[in-house]
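Here the structure is laid out as structure tokens; the discussion comes afterwards.
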Amino acid sequence: MNKTYYLPGYFFVFIILLTCFTSSASAEETYAVQEQQMLDLINDERLSYGLEPLILNPILTQVARDHSKEMIEMDYFSHDSFDGTLFSERIRDAGYPIYRIGENIAMNYPPNVVQAHENLMNSAGHRANILSSDYNEIGIGIWIGEYSSYSNTAMYTQDFGWNSNVVVPSFSIISSQPASDSIFSNGAEQIFSIQTNDLCDVSWSVDGTVVKADEDVTQSYYNIQSSSEGVYGIEVTAVNPKGSDSVSWVMEVVPEELPSESVKGDFDGDNDVDFDDFVELAEVYNSSLGDVTYSSVFDFDGDNDVDFDDFVEFAAVYNK
């Protein structure tokens with residue numbers, strides 16, 4: 001359900017049944033996590049439409065939480081409080097200016113925040129509140145309990161408002177991976193990524209050369225794989241009308257050394273076929289005349305016997 005209110009103004013009401021989820025964590029911690037998840041979903045929607053993100057307001061948050069809790073405890077579903085108080089009066093009495101406010105409420109069983117958000121977005125009235133440029137603050141309150149004999153029901157309240165003193169965060173890269181700016185690689189694939197707080201154009205460069213570009217994104221990735229030993233500078237720059245931001249990394253590549261192939265005829269492992277190897281072959285040849293087990297490396301021609309033919313093949317290698 002949603003309601004929008006202006007002074008002087010009007011309101012409209014929509015009711016929608018949704019779904020929610022429960023958690024084994026403590027109620028307060030669980031609700032706070034879910035409320036932040038719902039805020040992230042809302043702001044992702046707003047960013048995709050070029051709108052400023054909503055900022056959590058503690059007064060609106062407490063009003064929203066109290067209303068969700070009351071609806072569970074008093075077993076009702078309405079924008080008005082159980083005693084008939086209007087949602088605008090609740091917000092006003094809490095000390096928040098009601099020049100520009102709105103409210104969405106939803107009842108959910110069983111629990112799933114993502115599904116609840118999607119259902120709200122599929123309802124024209126709720127969607128209008130979520131995507132309205134008339135608001136720059138929000139309070140989200142969630143409470144889970146028994147409602148109408150359903151023991152695992154959640155109430156969601158979203159209270160929207162406008163505060164002329166809100167400072168909208170400037171454009172920035174809000175997260176990047178890898179977290180460290182110094183990376184050591186053995187030449188395997190390395191993935192770099194960023195996330196921004198607004199739509200932007202992104203360019204990736206390696207040692208000053210642009211290697212990838214993305215447009216109108218809030219997330220961007222670049223994969224690099226280099227087997228050449230050396231130090232590489234990776235930089236990503238994000239730009240939008242509000243400003244620009246960048247992140248850089250230094251990646252040192254030290255490829256793993258592959259084990260060298262053994263030299264045929266190098267029986268003593270000194271990477272050289274010499275007289276010492278001839279001596280070893282001769283000893284094996286003499287031993288093989290009796291009942292003695294020997295390594296197959298001495299059997300040059302693979303006939304399961306160390307014989308004169310193996311001396312001939314060894315000599316060919318020795319004389320190279």
Side-chain angles (χ1 to χ4, degrees), residues 32-58 60-61 102 104 113-118 120-122 126-140 158 160-185 189-226 232-251:
V33 170
Q34 294 179 25
E35 289 160 5
Q36 182 62 52
Q37 182 186 10
M38 180 163 275
L39 175 64
D40 291 341
L41 292 169
I42 289 172
N43 282 337
D44 284 346
E45 298 284 0
R46 291 176 66 89
L47 286 172
S48 69
Y49 283 88
L51 298 168
E52 300 287 355
L54 297 178
I55 307 300
L56 274 179
N57 178 278
L60 292 177
T61 296
N104 289 344
V113 169
V114 174
Q115 187 62 58
H117 171 76
E118 291 177 352
L120 285 169
M121 286 297 295
N122 288 331
H126 298 89
R127 180 188 181 90
N129 271 346
I130 290 171
L131 298 180
S132 175
S133 59
D134 291 333
Y135 308 129
N136 61 6
E137 290 191 315
I138 190 172
I140 299 174
Q158 299 172 345
F160 302 86
W162 174 266
N163 184 346
S164 59
N165 296 320
V166 164
V167 177
V168 177
S170 59
F171 171 74
S172 66
I173 295 173
I174 57 177
S175 66
S176 61
Q177 293 293 333
S180 173
D181 58 6
S182 296
I183 305 141
F184 293 92
S185 171
E189 181 181 52
Q190 178 67 56
I191 301 175
F192 296 86
S193 67
I194 62 165
Q195 181 176 3
T196 63
N197 63 353
D198 204 347
L199 289 171
C200 62
D201 295 340
V202 177
S203 64
W204 294 87
S205 62
V206 177
D207 291 339
T209 301
V210 175
V211 293
K212 184 188 178 190
D214 295 318
E215 295 182 352
D216 295 330
V217 296
T218 57
Q219 294 182 325
S220 183
Y221 305 86
Y222 176 62
N223 298 353
I224 183 173
Q225 184 171 8
S226 176
Y232 300 85
I234 294 90
E235 184 174 15
V236 58
T237 301
V239 180
N240 91 341
K242 300 175 188 175
S244 63
D245 200 1
S246 64
V247 178
S248 60
W249 298 265
V250 174
M251 183 176 73

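For the numbers below, each heavy atom of this structure counts, side chains included, while hydrogens, waters and symmetry mates do not.
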Q. Can you tell me how far CD of Gln190 sits from CH2 of Trp249, rounded to the nearest 0.5 angstrom?
A. 9.5 Å
(Q) Using a 6.0 Å cut-off, check whether atom CD of Glu189 has over 12 heavy atoms from anything other than its own residue. (A) yes
(Q) Testing the basics here: between Ser248 and Asp181, what is the closest heavy-atom pair and its distance to 0.1 Å? (A) O-CB, 3.7 Å
Q) Among all residues two or more places apart in sequence or in another chain, which pass the salt bridge (Lys or Arg N to Asp or Glu O under 4.0 Å) test with Asp214? A) Lys212
Q.
Working to the nearest 0.5 angstrom, can you tell me the gap between Ile42 CD1 and Ile138 CD1?
A. 3.5 Å
Q: Can you run down the side-chain hydrogen bond (donor to acceptor under 3.5 Å, both in side chains) pairs that involve residues 38-48, sequence neighbours left out, and say none if there aren't any?
A: Gln36-Asp40, Glu45-His117
Q: Find out whether Glu35 and Leu56 are in side-chain contact, i.e. whether some heavy atom of one side chain is under 4.5 Å from a heavy atom of the other.
A: no
**Q.** Asn129 side, atom CG; Gln158 side, atom CD - distance, nearest 0.5 Å
**A.** 8.5 Å
Q: Measure from the side-chain N and O atoms of Asp245 to the backbone N and O of Phe171, and report whether any donor-acceptor pair falls under 3.5 Å.
A: no
Q. Rounded to the nearest 0.5 Å, how far does OG of Ser185 lie from CE of Met251?
A. 5.5 Å
(Q) Checking Ser246 now: which residues fulfil side chain to side chain contact (heavy atoms under 4.5 Å, CB included) with it, not counting sequence neighbours? (A) Glu235, Thr237
Q) Out of curiosity, Asn197 CG to Asn240 CG, how far, rounded to the nearest 0.5 Å? A) 8.0 Å
Q: Check Phe192 against Pro178 and note the closest heavy-atom contact, atom names and distance.
A: CD2-CD, 3.4 Å
Q. From Ile183 CD1 over to Ile234 CD1, what is the distance, rounded to the nearest 0.5 angstrom?
A. 6.0 Å
Donor-acceptor pairs under 3.5 angstrom involving side-chain atoms of residues 200-211: please list them, not counting sequence neighbours.
{"unit_1": "Asp201", "atom_1": "OD1", "unit_2": "Asp216", "atom_2": "N", "d": "3.2"}
{"unit_1": "Trp204", "atom_1": "NE1", "unit_2": "Ser220", "atom_2": "OG", "d": "2.8"}
{"unit_1": "Asp207", "atom_1": "OD1", "unit_2": "Gly233", "atom_2": "N", "d": "2.8"}

**Q.** Set of residues satisfying side chain to side chain contact (heavy atoms under 4.5 Å, CB included) with respect to Thr218, sequence neighbours excluded
**A.** Thr196, Leu199
(Q) If I compare all heavy atoms of Gly161 with all of Leu60, which pair ends up nearest, and what's the gap? (A) N-CD1, 3.9 Å
Q: Decide yes or no for Phe160 and Ile130: does some side-chain heavy atom of the first lie under 4.5 Å from some side-chain heavy atom of the second?
A: yes
Q: Please identify each residue that fulfils side chain to side chain contact (heavy atoms under 4.5 Å, CB included) with Pro58, with sequence neighbours left out.
A: none
